[in-house]
Amino acid sequence: MKFVVENIALIAIALVSGGLLVWPLLRARAGGPSLGTLAATQLMNSRDVQIVDVRAAAEFGAGSLPNAKNLPLPEVAQRAAELRKDRPVIVVCEFGRRASLAAVKLRSAGISEVYILAGGLNAWRAAGLPLAR
């Protein structure tokens with residue numbers, strides 16, 4: 001007990017720093033399943049997938065995945081009805097953070113099969129995959 005009392009500050013720092021390390025992992029899981037670029041292209045080739053790019057219109061105009069539909073993140077909840085609920089959705093943004101938030105909104109709108117492109121458009125580019133402009 002004496003050890004705990006004497007080292008309470010160090011124990012508190014260790015707990016807080018551990019929590020800060022785990023937080024991004026927990027937050028990413030809240031968005032749902034993610035797909036790497038290989039798994040995403042396999043899904044696109046095998047099923048009739050809807051690709052939703054949640055970046056702003058100007059970002060989308062600079063290039064996105066082929067056949068992607070632009071639904072900027074602030075509009076996702078209002079425009080979710082534009083998507084078919086019986087087809088899988090891959091959500092894309094620049095790095096994957098906004099896509100995670102959008103995936104939660106799409107699931108709330110009744111779309112059950114929603115995936116996040118892991119690493120976002122940045123990972124897509126790094127893999128040398130084609131962009132549509």
Side-chain angles (χ1 to χ4, degrees):
M1 186 67 172
K2 181 179 175 186
F3 174 80
V4 173
V5 172
E6 290 175 353
N7 295 297
I8 193 73
L10 293 175
I11 293 169
I13 290 170
L15 290 173
V16 169
S17 64
L20 291 173
L21 289 172
V22 172
W23 178 251
L25 298 173
L26 295 174
R27 190 164 176 245
R29 292 279 181 219
S34 62
L35 301 173
T37 55
L38 177 61
T41 55
Q42 289 172 337
L43 184 63
M44 286 183 233
N45 290 332
S46 65
R47 297 187 57 198
D48 194 13
V49 175
Q50 302 171 97
I51 302 167
V52 175
D53 190 321
V54 296
R55 298 175 301 149
E59 293 174 288
F60 179 77
S64 186
L65 274 66
N67 302 316
K69 178 180 187 78
N70 186 222
L71 291 180
L73 182 59
E75 301 172 17
V76 168
Q78 296 85 5
R79 295 181 57 194
E82 296 175 23
L83 302 171
R84 291 187 45 185
K85 294 181 181 183
D86 61 335
R87 291 174 45 202
V89 174
I90 298 175
V91 186
V92 181
C93 67
E94 192 65 34
F95 298 104
R97 292 182 191 100
R98 289 180 277 182
S100 181
L101 298 171
V104 171
K105 292 179 181 184
L106 292 173
R107 275 192 206 85
S108 295
I111 300 171
S112 59
E113 197 173 357
V114 181
Y115 302 96
I116 300 161
L117 180 62
L121 197 63
N122 193 42
W124 188 265
R125 277 190 215 103
L129 295 166
L131 293 175
R133 297 188 192 267

Heavy-atom closest pair, residues A102 and V91 | CB-CG1, 3.9 Å

Just wondering, more than 12 heavy atoms not from D86 lying within 6.0 Å of its CG?
-> yes

Nearest 0.5 Å, what's the CZ-CZ distance between R55 and F95?
-> 10.0 Å

Grab the two heavy atoms, one from G63 and one from L121, that are nearest each other, plus how far apart they are.
-> O-CD2, 3.4 Å

At their closest point, which heavy atom of R97 faces which heavy atom of C93, and how far apart are they?
-> N-SG, 3.5 Å

Smallest heavy-atom separation, R107 atom then S112 atom, equals NE-O, 4.4 Å

Going from CG on L106 to CD on E113, what distance comes out if it is rounded to the nearest 0.5 angstrom?
-> 13.0 Å

What are the two closest heavy atoms between A109 and A80, and how far apart are they?
-> CB-CB, 3.6 Å

Shared hydrophobic cluster for I51 and L129 (ILVMFWY, side-chain gaps under 4.5 Å) | yes

Taking K105 for its side chain and Q78 for its backbone only, find out whether a donor-acceptor pair lies under 3.5 Å.
-> no

In Å, rounded to the nearest 0.5 Å, how long is the span from CD of E75 to CD of E82?
-> 8.5 Å

Do V54 and L101 pass the side chain to side chain contact (heavy atoms under 4.5 Å, CB included) test, and can you show the C-alpha distance, the side-chain angles, and the key distance before you say yes or no?
-> CA-CA 10 Å; V54 296; L101 298 171; over 6 Å; no

Straight-line distance of N67 CG to Q50 CD, nearest 0.5 Å = 11.5 Å

Which atom of P66 lies closest to which atom of W124, heavy atoms considered | CD-CZ2, 4.3 Å

Co-membership, hydrophobic cluster, residues I111 and L43, 4.5 Å side-chain = no

Supply the atom-to-atom distance L131 CG to L65 CG, rounded to the nearest 0.5 angstrom.
-> 7.0 Å

Shared ILVMFWY cluster between V114 and L71, side chains joined below 4.5 angstrom?
-> yes

With a 4.5 Å limit on heavy-atom distance, are the side chains of F60 and V92 in contact?
-> no

One should read off an interatomic distance between S64 OG and E94 CD, to the nearest 0.5 angstrom, of 9.5 Å

